Amino acid sequence: MVLQRIFRAVIMGPPGSGKGTVSARITKTFGLSHISSGDILRSNISNKSELGLLMKCCIDQGQLVPDDVMSRLILRDLRAMDHSSWLLDGFPRTVPQAEALDDAHSVDTVINLNVPFQTIKQRLTSRWTHLPSGRVYNVDFNPPKVPGLDDETGEPLVQRDDDTPDTVTLRLKAYENQTEPVLEYYRSNGVLETFTGTETNMIWPHVEAFLHKKLKQKVA
Ligand code: G5P
Ligand code: MG
């Protein structure tokens, strides 16, 4: 589908709810540019900058990176995409981040993946990631064609340092305390659309149909 107008969306959901997986399908189907805050942080860490080390420390402890650092990083990238449609994955994650985004850009819709915490824990400990692209695999759900290697580049896959069971528990706590209030923020703004389920393949057709409808409204 070719977009006729600029369209800006946010995808939210607890760690491991499938934001990256669904984002890949949205970008492929609708042509939005995907901006993942976690991928941006991980690429800063791999550059071994001073800021990267601070970020690594927060991520490895299952804590959020400070709001001012995060908002500056993402809003800088968005400024360079002034004429593009985009999908933000993992940002905003706190109410101050949502306010900072609102001050700079209006958001057309917020897709919320509501997946139970029990489902998530098992997924994350069997996730394999291609760090340079952010592509994700899972030994049960979407295994790579060759075990341990990225389908497109053939480069090695790694397990994220924050995908250990203890850190996943801390990330889920941070989600409950700091990110759930953002859902309320967007609900009261009238842009929140929630999709509930335990399997991405069941959730995806609903997300796809919703976006088709939403984009038609935007063009009309
Ligand atoms: P990230 O990188 O944003 P999270 O914790 O929000 O990380 P994560 O872990 O990347 O989210 P996801 O993208 O929601 O998860 O899920 P995914 O990768 O698509 O799917 C998870 C696994 O399940 C994959 O292996 C996938 O193949 C599999 N899967 C998907 N669907 C199914 C299914 O139906 N069935 C099965 N069996 N498997 C499935 O953030 C990381 C850290 O960066 C910092 C924080 O420290 C954060 O903890 N950070 C920020 N800090 C402050 N502010 C921000 N805005 C920040 N953004 C990031
Ligand atoms: Mg992700």
Side-chain angles (χ1 to χ4, degrees), residues 8-23 34-45 51-75 77-78 87-105 107 109-127 129 134 136 159-198 200 203 207:
R8 267 88 193 255
V10 168
I11 186 162
M12 294 186 61
S17 55
K19 299 183 294 296
T21 307
V22 172
S23 293
H34 178 218
I35 300 152
S36 154
S37 55
D39 289 349
I40 291 174
L41 290 172
R42 284 182 287 277
S43 94
N44 273 274
I45 290 169
L51 196 55
L53 291 175
L54 164 82
M55 293 164 179
K56 179 165 171 49
C57 188
C58 295
I59 294 174
D60 287 355
Q61 291 174 17
Q63 291 172 359
L64 297 188
V65 171
D67 283 337
D68 56 332
V69 174
M70 207 61 234
S71 295
R72 221 174 324 122
L73 206 59
I74 299 292
L75 293 177
D77 281 9
L78 292 184
L87 172 67
L88 271 179
D89 160 4
F91 181 93
R93 238 176 168 95
T94 64
V95 171
Q97 290 180 16
E99 289 168 343
L101 178 63
D102 257 357
D103 286 345
H105 301 277
V107 168
T109 197
V110 176
I111 292 161
N112 172 35
L113 304 180
N114 180 27
V115 177
F117 283 11
Q118 306 90 289
T119 309
I120 283 167
K121 285 206 163 182
Q122 207 226 322
R123 279 186 190 181
L124 287 182
T125 44
S126 52
R127 169 168 60 185
T129 304
V136 288
Q159 287 204 284
R160 274 170 46 177
D161 291 341
D162 59 342
D163 277 349
T164 60
D166 287 352
T167 312
V168 169
T169 303
L170 294 171
R171 287 161 62 195
L172 290 170
K173 272 265 159 290
Y175 173 81
E176 273 182 323
N177 295 335
Q178 290 163 278
T179 307
E180 279 186 350
V182 182
L183 297 178
E184 199 39 57
Y185 176 90
Y186 282 129
R187 192 174 289 121
S188 64
N189 285 0
V191 289
L192 187 75
E193 196 68 26
T194 295
F195 300 87
T196 301
T198 53
T200 298
I203 292 177
V207 173

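Both backbone and side-chain heavy atoms feed into the values below; hydrogens, waters and symmetry mates do not. Everything numeric here is computed off the predicted structure, so don't read it as measured data.
Across every non-hydrogen atom of Thr167 and Ile59, the tightest pair is CG2-O, 4.0 Å. Considering all non-hydrogen atoms of both residues, Pro92 and Val10 come closest at CD-CG1, 4.0 Å. Scanning both residues, Val115 and Pro14, for their nearest heavy atoms gives O-CG, 3.9 Å. Nearest heavy atoms, Leu124 versus Gly16: CD2-CA, 3.6 Å. Between Ala174 and Gly62, the shortest heavy-atom contact is CB-O, 3.9 Å. Of all heavy-atom pairs spanning Ile120 and Pro15, the tightest one is CG2-O, 3.0 Å.
Within the 4.5 Å cutoff, the side chain of Val207 has no heavy atoms near those of the Ile11 side chain. At a threshold of 4.5 Å between non-hydrogen side-chain atoms, the residues Ser37 and Ile74 count as touching. Contact of the Leu78 side chain with the Leu75 side chain is registered, since non-hydrogen atoms from C-beta on lie closer than 4.5 Å. Counting only heavy atoms from C-beta outward, the side chains of Ile111 and Val22 never approach each other to under 4.5 Å. You'll find the side chain of Val110 stays beyond 4.5 Å of the side chain of Val182, heavy atoms only. Within the 4.5 Å cutoff, side-chain heavy atoms of Leu73 are placed close to those of Leu41. The shortest side-chain heavy-atom distance between Asn189 and Val107 does not fall under the 4.5 Å cut-off. Residues Val95 and Glu184 are not in side-chain contact: their nearest non-hydrogen atoms beyond the backbone lie 4.5 Å or more apart.
Checked by atom type and distance alone, the side chain of Gln178 never pairs as donor or acceptor with a backbone atom of Arg93 at under 3.5 Å. Judged by distance alone, with hydrogens and angles left aside, the side-chain atoms of Lys19 form a donor-acceptor pair with the main-chain N or O of Gly13 at under 3.5 Å. Judged by distance alone, the side chain of Arg127 and the main-chain N or O of Asp163 form no donor-acceptor pair under 3.5 Å. Asp39 contributes no side-chain N or O that, together with a main-chain N or O of Ile35, makes up a donor-acceptor pair within less than 3.5 Å.
Interatomic distance, CG of Asp68 versus CD of Gln97, reported as 10.0 Å (0.5 Å rounding). The SG atom of Cys58 sits 10.5 Å away from the CE atom of Met70 when rounded to the nearest 0.5 Å. Atoms CD1 and CD1, on Ile45 and Ile40 in that order, are 12.0 Å from each other to the nearest 0.5 Å. Asp162 CG to Gln63 CD: the interatomic distance, rounded to the nearest 0.5 Å, is 12.0 Å. Rounding to the nearest 0.5 angstrom, the gap separating the CZ atom in Phe195 from the CG atom in Asn112 is 9.0 Å. Once rounded to the nearest 0.5 Å, the distance linking CZ of Arg123 with OG1 of Thr21 reads 7.5 Å.
Every side-chain hydrogen bond (donor to acceptor under 3.5 Å, both in side chains) that Asp102 has, sequence neighbours left out, goes to Tyr185. Residues satisfying the salt bridge (Lys or Arg N to Asp or Glu O under 4.0 Å) test with Glu176, not counting sequence neighbours, are Lys173.
Using a 4.0 Å cut-off between charged side-chain N and carboxylate O, Asp161 and Arg42 make no salt bridge.
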